[in-house]
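Predicted, not measured: the structure shown is a model, and the values here were computed from it. Lettering of chains follows the sequences in order, A, B, ..., and the numbering in each one begins at 1.
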Number of protein chains: 2
Amino acid sequence: MMKALVNKKSSEQASETEISVNHQKLIDATIETIAKRGLADTTIAHVAKRAKVSQGYANFRFKSKDNLLISSLQYLSDEYKKSWQKIFEEKNIDPIDRIIRIIQNDFSSKIANRNKISVWIAFYSEVKFRPSYLAICQRQDEIYSQQMEKLVSEINNIANQKEFTPKEVSETYHSMVDGLWQRILFDPKIYTNEFCKNLVLKYFKSIYVNEDRFA
Amino acid sequence: MMKALVNKKSSEQASETEISVNHQKLIDATIETIAKRGLADTTIAHVAKRAKVSQGYANFRFKSKDNLLISSLQYLSDEYKKSWQKIFEEKNIDPIDRIIRIIQNDFSSKIANRNKISVWIAFYSEVKFRPSYLAICQRQDEIYSQQMEKLVSEINNIANQKEFTPKEVSETYHSMVDGLWQRILFDPKIYTNEFCKNLVLKYFKSIYVNEDRFA
DNA sequence: TTTTGTATTGAATAATCATTCAATTTTTAT
DNA sequence: ATAAAAATTGAATGATTATTCAATACAAAA
């Protein structure tokens, strides 16, 4: 059976970014298991079975369950970050179109689906007791907020909007997203991605009254 | 040692609402333990110790750990409900003052503190896997939303506001509250109760432009 | 092919924890 | 005061689970 490193050029050292298939298989399996069974019921045995490796290997590969969970959260965080980072960087696109893309991304089915959300909230629920979880979440939030404020600031200038500061708009948006994600988990029949997205657009419409693209 | 029922009139049957001291002691201890250690690390032994009863008794009294957790969530939910129910019912108070009281309540230190929030989120994180948790949370949300929409509807009439429907305003507020609670957990230095409350007031200011009380 | 090093297995271990229940204490009724 | 009933204890049980590690499979080198 072939269960070794991938991309490993023969006789050459693996680069630092090269990671074994099993590493990623285990992270995927962890996220899937949390989504399917909840964090409380996520055991190394379940994860290993889903990743199709032995239980002993899963532990060996990540040194501990704790470490596997942290790596999975980090992966989730990186994945999300990649999705918005590139939108913020599209400097040639109009700021308002850019923020609309951010909103679309935050409520795309790839990001805002019950499985992903339940995993996020599972980690959130432990944030108070695990400094490493907190650090990952805080870092993520900080960069997102920073970029968001900058973007809102541009829009405020264009729209000549002075009543609401970039920080206020950014924080309000951010909290709405978190809250709506939670509600998607509770009642996906009512809180469809479309519903949530429109609610947020409507919020922006209340701030930028003359801007039709939010309607 | 005196460890029996309270309020029990001699020779009379205990009324249905009469509940033993130990019952409440155990629920309080459960909530405190979840707040201090997290749901994952909340064991019957820890709860019993905190409630100063034996481990065997805790289990006996609630039949199972699961049942104890459900009772604790229900208690938390009832406690919160009591805090807003009476505000919604103050029909002699101006609707805008009433909604401001709702906001003040949602960000009062009794409701929006890290301990309580962490317990809520602990339960939220299991909602997808425990129908009984989901039912309690959904019922709560439903009544709250219903009352909130009615209140917003009154305000819309007074303010002659037609752009934003009561449902939209209510949902936006509700998601903001959930999101901000989450953020209080992450970074209470930045997200003080005052900060959160003002952010929400500012949102209402954006809807009811001519109403100074939200400023 | 043989040797050597690495990857992977799976069964054993030890710790944790919910639950049970016989024994004990406390309360109530007579 | 005594007996009967109810409340409460705490130690034992059995199930679950992370972690370890000796044994095996595999890949690369010679």
Whole-Å gap separating [atom2] ([N]) and [atom1] ([X]):
X	N	atom1	atom2	answer
A/Arg61	D/dA18	CZ	C1'	18 Å
A/Leu68	D/dT19	CG	C1'	14 Å
A/Arg37	D/dT16	CZ	P	12 Å

(request) Kindly state each residue pair satisfying salt bridge (Lys or Arg N to Asp or Glu O under 4.0 Å) with at least one member in residues 97-108 of chain A, sequence neighbours excluded. (result)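 Pairs touching residues 97-108 of chain A that pass the test: A/Glu90-A/Arg101, A/Asp97-A/Arg213, A/Arg98-A/Glu154.
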
(message) My understanding is that only residues two or more places apart in sequence, or in another chain, count here; which of them pass salt bridge (charged side-chain N to carboxylate O under 4.0 Å, His left out) with A/Asp28?
(response)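 If we apply the salt bridge (charged side-chain N to carboxylate O under 4.0 Å, His left out) test to A/Asp28, skipping adjacent residues, there are no hits.
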
(request) Applying salt bridge (charged side-chain N to carboxylate O under 4.0 Å, His left out), name anything that partners A/Asp187, two or more places apart in sequence or on another chain. (result)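 Counting only residues at least two positions away or on another chain, A/Asp187 forms no salt bridge (charged side-chain N to carboxylate O under 4.0 Å, His left out).
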
Name each donor-acceptor pair under 3.5 Å that joins a side chain in residues 129-138 of chain B to protein atoms two or more places apart or in another chain, with its distance.
from: B/Arg130; atom 1: NH1; to: B/Asp66; atom 2: OD1; distance (Å): 2.4
from: B/Gln138; atom 1: NE2; to: A/Phe186; atom 2: O; distance (Å): 2.9

(request) Any chance you could list the contact pattern along nucleotides 16-22 of chain C? Use B for base contacts, S for sugar-phosphate-only contacts and - for none, protein heavy atoms under 4.0 Å, 5' to 3'. (result) -SBBB--

(request) Please name all residues satisfying side chain to side chain donor-acceptor pair (under 3.5 Å) with A/Lys202, sequence neighbours left out, ordered by chain then number. (result)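 Side chain to side chain donor-acceptor pair (under 3.5 Å) list for A/Lys202, sorted by chain: B/Glu168.
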
